[in-house]
S.K.: 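Okay, handing you the structure first.
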Amino acid sequence: MKVALRSRWGDVVFGGDGEIDRRAVGEVVFADAAELEWLEGLLHPRVVEEQRRWREELEARSDPPWVAVVEVPLLYETGGEARFDAVVAITAPEDVRAARTAVSGAAERGRRLLSDEEKVRRADFAYVNDGSLAELDAFVSDVLAKLAA
């Protein structure tokens, strides 16, 4: 990964410690759609493969878990929903998202995603996360109970 990023963008996306500076990568790719497309082409197959390996590891255990959860920010945008038995969409109003994130330009980045309404329509379960942790926990417990049934 580092070799590909350095070959593409040079040292501008690396910190003084030699590690990838995610903020710098974000500045590059969210300013240029072609660069974002290149990065997604590099990352998405690797992420899918890592998820596949992880699921195989879980299935191979002597006592495998009955459920495994994977967070996939671009699930529908990448056509990834077919890899999962059920999809849970967790959304939040724009003002709640803004208060919870420190990412510069998050709202602009979000505009390229499917709308929350579309995600909710496609999902098997959906929740608007604008309340307490206890409310979110209750929703998750309900989903798990339904999946176990």
S.K.: Heavy atoms, side chains only, cut-off 4.5 Å: are Arg53 and Glu49 in contact?
M.R.: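 Touching, per the 4.5 Å side-chain cut-off.
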S.K.: Check whether any side-chain heavy atom of Val13 sits under 4.5 Å from a side-chain heavy atom of Asp21, and report yes or no.
M.R.: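 In short, these two side chains do not touch, never coming nearer than 4.5 Å.
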S.K.: Identify the two heavy atoms, one from Ala68 and one from Leu58, that lie closest to each other, and give their separation to 0.1 Å.
M.R.: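 The pair with the smallest heavy-atom distance is CB-CD1, 3.6 Å.
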S.K.: So does Val87 get a backbone contact from the side chain of Asp124, meaning a donor-acceptor N/O pair under 3.5 Å?
M.R.: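 Judged by distance alone, yes, a pair lies under 3.5 Å.
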S.K.: Are Met1 and Arg6 side-chain neighbours, meaning at least one heavy-atom pair lies under 4.5 Å?
M.R.: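 SC-SC contact between Met1 and Arg6 ruled out.
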S.K.: For side chain to side chain contact (heavy atoms under 4.5 Å, CB included), just list the numbers for Tyr76 and Leu113, CA-CA rounded to whole Å, side-chain angles, deciding distance to a tenth of an Å, and then say yes or no.
M.R.: CA-CA 9 Å; Tyr76 294 117; Leu113 306 176; over 6 Å; no
S.K.: Between Arg121 and Glu117, does at least one N-O distance fall below 4.0 Å, as a salt bridge requires?
M.R.: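 Looking at Arg121 and Glu117, the cut-off is not met.
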S.K.: Show the nearest heavy-atom pair for residues Asp116 and Ala92, with the distance to one decimal.
M.R.: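 Between these two residues, the closest heavy atoms are OD2-O, 3.7 Å.
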S.K.: Kindly compute the distance separating CG (Leu75) from CD (Glu77), expressed to the nearest 0.5 Å.
M.R.: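 Taking CG in Leu75 and CD in Glu77, the distance rounds to 8.0 Å.
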S.K.: Is there a donor-acceptor contact under 3.5 Å from the side chain of Asp11 to the main chain of Phe14?
M.R.: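 Absent.
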S.K.: Find out whether Asn129 and Phe139 are in side-chain contact, i.e. whether some heavy atom of one side chain is under 4.5 Å from a heavy atom of the other.
M.R.: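 Sidechains of Phe139 and Asn129: no contact.
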S.K.: Test Arg46 against Glu50 for side chain to side chain contact (heavy atoms under 4.5 Å, CB included), laying out the working first.
M.R.: CA-CA 6 Å; Arg46 292 172 185 216; Glu50 184 61 30; over 6 Å; no
S.K.: Would you kindly confirm whether Val140 and Ile90 end up in one hydrophobic cluster when ILVMFWY residues are joined by side chain heavy atoms under 4.5 Å apart?
M.R.: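 The answer is yes; both residues are in one hydrophobic cluster.
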S.K.: Looking only at heavy atoms, what is the nearest atom pair of Lys119 and Leu114, with distance?
M.R.: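 For Lys119 versus Leu114, the nearest heavy atoms are CE-O, 3.4 Å.
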S.K.: Has the side chain of Ser141 got a donor or acceptor atom that lies under 3.5 Å from a matching backbone atom of Asp137?
M.R.: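 Checking the backbone N and O of Asp137 against the side chain of Ser141, a donor-acceptor pair under 3.5 Å is found.
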S.K.: To the nearest 0.5 Å, tell me how far Arg8 CZ sits from Leu42 CG.
M.R.: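 Arg8 atom CZ to Leu42 atom CG measures 10.0 Å (nearest 0.5 Å).
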S.K.: Tell me whether Val67 shares a hydrophobic cluster with Trp54, the cluster being built from Ile, Leu, Val, Met, Phe, Trp, Tyr side chains joined at under 4.5 Å.
M.R.: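 They do not share one cluster, since no chain of ILVMFWY contacts under 4.5 Å joins Val67 to Trp54.
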S.K.: Taking the side chain as C-beta and beyond, is there a heavy-atom pair between Tyr127 and Val88 under 4.5 Å?
M.R.: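 Sidechains of Val88 and Tyr127: no contact.
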S.K.: Run the salt-bridge test on Arg122 and Glu118 with the 4.0 Å N-O cut-off and return the result as yes or no.
M.R.: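 Judged by the 4.0 Å cut-off on N to carboxylate O distance, Arg122 and Glu118 do form a salt bridge.
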S.K.: Walk me through whether Val29 and Trp38 qualify under side chain to side chain contact (heavy atoms under 4.5 Å, CB included).
M.R.: CA-CA 9 Å; Val29 301; Trp38 176 84; over 6 Å; no
S.K.: Could you check whether Glu56 pairs with Arg52 (Lys NZ or Arg NE/NH1/NH2 to Asp/Glu carboxylate O, under 4.0 Å)?
M.R.: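 Salt bridge: yes.
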S.K.: Is there a path of hydrophobic side-chain contacts, each under 4.5 Å between heavy atoms, that joins Phe30 and Leu43?
M.R.: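 Phe30 and Leu43: one cluster.
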S.K.: Could you check if a side-chain atom of Val25 sits within less than 4.5 angstrom of a side-chain atom of Leu39, using non-hydrogen atoms only?
M.R.: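 In short, these two side chains touch, coming nearer than 4.5 Å.
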S.K.: Stepwise, does the side chain to side chain contact (heavy atoms under 4.5 Å, CB included) test hold for Asp63 with Arg61?
M.R.: CA-CA 5 Å; Asp63 187 21; Arg61 291 181 181 178; 5.8 Å; no
S.K.: For atom CG of Asp85, decide whether the heavy atoms of other residues, nucleotides or ligands shown that lie under 6.0 angstrom number more than 12.
M.R.: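 Incorrect, the count does not exceed 12.
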S.K.: With the side chain counted from C-beta on, respond yes when Glu40 and Leu74 share a heavy-atom pair under 4.5 Å apart, and no when they do not.
M.R.: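 Yes - at least one pair of side-chain heavy atoms lies under 4.5 Å apart.
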